[in-house]
Amino acid sequence: MVKLLPTPEQAFALAGTLRACNEACILISEAAYAGKVFDRNGVHHLTYRRVREECGLGAQATVRCVKKTVDAYKTLHAQAKAGRLGNDGSKRRTKALGKPIAFRADAAQPFDDRMLKWRHDTHTVSIWTIDGRFKDIAFTGESGQLKEIAEHRRGESDLVFRDGMWFLYAGVEVAESALNAQPSGWLGVDLGIVNIATTSDGAVMAGRGLNRHRRRQQNLRAKLQAKGTKSAKRLLKKRARKEARHAIDVNHCIAKQIVAEAQRTGRGIALEDLRGIRERARFRKPQRATLHSWAFHQTGQFIAYQAQRVGVPVVHVNPAYTSQECAECHHVDKRNRPSQAVFACRSCGVVAHADHNSSRVIGQRGERMWTAGRESRVPAPRKECSDAGGNATASRALPARSAL
């Protein structure tokens, strides 16, 4: 992500370009929905000339708008097929599928290499707009990201207008390291709300600071919403997504620390598979906001993609009873957790930090799961059999069995 620094004239042209492109996308969406045509070639032949005539876009911009609209319908239909919009006949599903997809006037617009040229030596871009091509729009960003864009950028870049600022989101393709197929052990990671992450090495990434920040933002939003003045609404808009950006930064730092430790020690990473926990868990009303703001999936994604880049294997294990199982004797009992922070085994008597014990259990399960899926290195045994005369003969080797 890089930030554009346009002049007022350039910003006006960029805003007009976004508005014109999204109006074209709405036209394409309505035509595709009316004709029940959703493949790219069909939508192109159905709407190309009309968009060129009515919206005044160039040929390449029209092609990008067609692709953007087709991709939006593809995503919508994939969500419906996967059941994420509810069952057939549900109100949510009917509302989503019962009308054409709409686009905001300032929705992001993709630009390909014919419409956008990067000039990394001068830190400027040349970009097509409805008012002509601007060749000297400056951009800035973090030095590491700028280097990756210069060396590994691939495909389209999205023009984004957010909070009064202009950005370009560029896709990069970075070569991955070879996967470590023989990890020396497994680093178990327990994700939680009180402690964002706890590793089997004993490292605890406490969530006090993040939870305190969330409560402060929630109280401030409540006060501004109750006030209801223009200045309060303006401040609410200015502070939008501030909590989310802070949480993303915290989770990125935690993920980098965990992956770096696993890479340094040559181990893999074991995480809990927490999909569907919000639907399964039952909490009192005051605790629901805390549960639904828990970014466990985001933290897991950050760990997974950073581990993939450096070749660290990641496995997801069954989370059932990890908080009640003893890492020493594997005794499972609900009474093993006398409090949120303490684990005391009723069988062997070991006392430990509850999250540290859980992370050790997760690491052990990760090792068992990895071993179960690994190809056997044991030579195949040779089966002895007898021929017609009763003499022992060696048959061909039996196929090797899996580790389990």
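As a basis for the values below, the full set of heavy atoms in this structure was taken, side chains included, without hydrogen atoms, waters or symmetry mates. As the structure is a prediction and not an experimental result, all values here were calculated from the model.
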Rounded to the nearest 0.5 Å, what separates atom [atom1] in [X] from atom [atom2] in [Y]?
{"X": "Ile248", "Y": "Arg241", "atom1": "CD1", "atom2": "CZ", "result": "10.5 Å"}
{"X": "Lys334", "Y": "Arg337", "atom1": "NZ", "atom2": "CZ", "result": "12.0 Å"}
{"X": "Ser358", "Y": "Leu191", "atom1": "OG", "atom2": "CG", "result": "11.0 Å"}
{"X": "Leu159", "Y": "Met115", "atom1": "CG", "atom2": "CE", "result": "9.5 Å"}

Are [X] and [Y] within salt-bridge range, i.e. N to O under 4.0 Å?
{"X": "Arg360", "Y": "Glu328", "result": "yes"}
{"X": "Asp112", "Y": "Lys67", "result": "no"}
{"X": "Arg19", "Y": "Asp106", "result": "no"}
{"X": "Glu261", "Y": "Arg267", "result": "yes"}
{"X": "Asp88", "Y": "Arg93", "result": "yes"}
{"X": "Asp113", "Y": "Arg153", "result": "yes"}

Just by modelled atom types, is the [Y] backbone N or O under 3.5 Å from a matching donor or acceptor in the [X] side chain?
{"X": "Thr129", "Y": "Leu14", "value": "no"}
{"X": "Ser359", "Y": "Thr199", "value": "yes"}
{"X": "Ser184", "Y": "Gly266", "value": "yes"}
{"X": "Arg221", "Y": "Leu224", "value": "no"}
{"X": "His213", "Y": "His246", "value": "no"}
{"X": "Thr371", "Y": "Glu367", "value": "yes"}
{"X": "Asn357", "Y": "Glu325", "value": "yes"}
{"X": "Tyr48", "Y": "Val43", "value": "no"}
{"X": "Tyr73", "Y": "Ser29", "value": "yes"}
{"X": "Arg52", "Y": "Leu57", "value": "yes"}

If you compare all heavy atoms of [X] against all heavy atoms of [Y], which two are closest, and at what distance to 0.1 Å?
{"X": "Asp163", "Y": "Lys237", "answer": "OD1-O, 4.4 Å"}
{"X": "Phe111", "Y": "Gln109", "answer": "CD1-O, 3.3 Å"}
{"X": "His316", "Y": "Val314", "answer": "CE1-CG1, 4.0 Å"}
{"X": "Arg114", "Y": "Arg133", "answer": "O-NH2, 2.8 Å"}
{"X": "Ala31", "Y": "Leu46", "answer": "O-CD2, 3.6 Å"}
{"X": "Leu97", "Y": "Ala80", "answer": "CD1-CB, 4.1 Å"}

Does [X] have more than 12 heavy atoms from other residues, nucleotides or ligands lying within 6.0 Å of its [atom1]?
{"X": "Asp121", "atom1": "CG", "answer": "yes"}
{"X": "Arg216", "atom1": "CZ", "answer": "yes"}
{"X": "Glu173", "atom1": "CD", "answer": "no"}
{"X": "Tyr169", "atom1": "OH", "answer": "yes"}
{"X": "Arg245", "atom1": "CZ", "answer": "yes"}
{"X": "Tyr305", "atom1": "OH", "answer": "yes"}
{"X": "Lys223", "atom1": "NZ", "answer": "no"}
{"X": "Arg84", "atom1": "CZ", "answer": "no"}

Task: Check against side-chain hydrogen bond (donor to acceptor under 3.5 Å, both in side chains), Asn22 and Lys68 - done: CA-CA 10 Å; Asn22 285 297; Lys68 173 182 171 180; 2.7 Å; yes

Open item on the list: Assess, by modelled atom type and distance only, whether the side chains of Gln324 and Arg335 contain a donor and an acceptor separated by less than 3.5 Å.
Closed with: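 Per modelled atom types, Gln324 and Arg335 side chains form no pair under 3.5 Å.
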
Task: Geometric class of the His77/Phe38 ring pair [parallel <30°, tilted 30-60°, perpendicular >60°] - done: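 Taking His77 first and then Phe38, their aromatic rings stand perpendicular (interplane angle over 60°).
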
Open item on the list: Would you call the rings of Trp118 and Phe139 parallel, tilted or perpendicular, taking 30° and 60° as the class edges?
Closed with: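 Ring orientation of Trp118 relative to Phe139: perpendicular.
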
With side chains defined as the heavy atoms from C-beta onward, is the minimum distance between [X] and [Y] less than 4.5 Å?
{"X": "Asp136", "Y": "Gln10", "value": "yes"}
{"X": "His331", "Y": "Asn336", "value": "yes"}
{"X": "Leu76", "Y": "Ile101", "value": "yes"}
{"X": "Arg119", "Y": "Lys135", "value": "yes"}
{"X": "Glu9", "Y": "Phe134", "value": "yes"}
{"X": "Glu272", "Y": "Ile362", "value": "yes"}
{"X": "Val63", "Y": "Arg40", "value": "yes"}
{"X": "Val2", "Y": "Thr140", "value": "no"}

Open item on the list: Would Arg162 pass as a cation-pi partner of Phe167, given that its NZ or CZ must be under 6.0 Å from the six-membered ring centre and within 45 degrees of the axis?
Closed with: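 The answer is yes, since Arg162 meets both limits relative to Phe167.
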
TODO: Could you please spell out the steps behind the side chain to side chain contact (heavy atoms under 4.5 Å, CB included) verdict for Arg365 and Thr322?
DONE: CA-CA 9 Å; Arg365 292 186 183 184; Thr322 53; 3.3 Å; yes

TODO: Verify side-chain hydrogen bond (donor to acceptor under 3.5 Å, both in side chains) between Asp190 and Thr198, making sure each step is shown before the conclusion.
DONE: CA-CA 5 Å; Asp190 179 65; Thr198 305; 4.9 Å; no

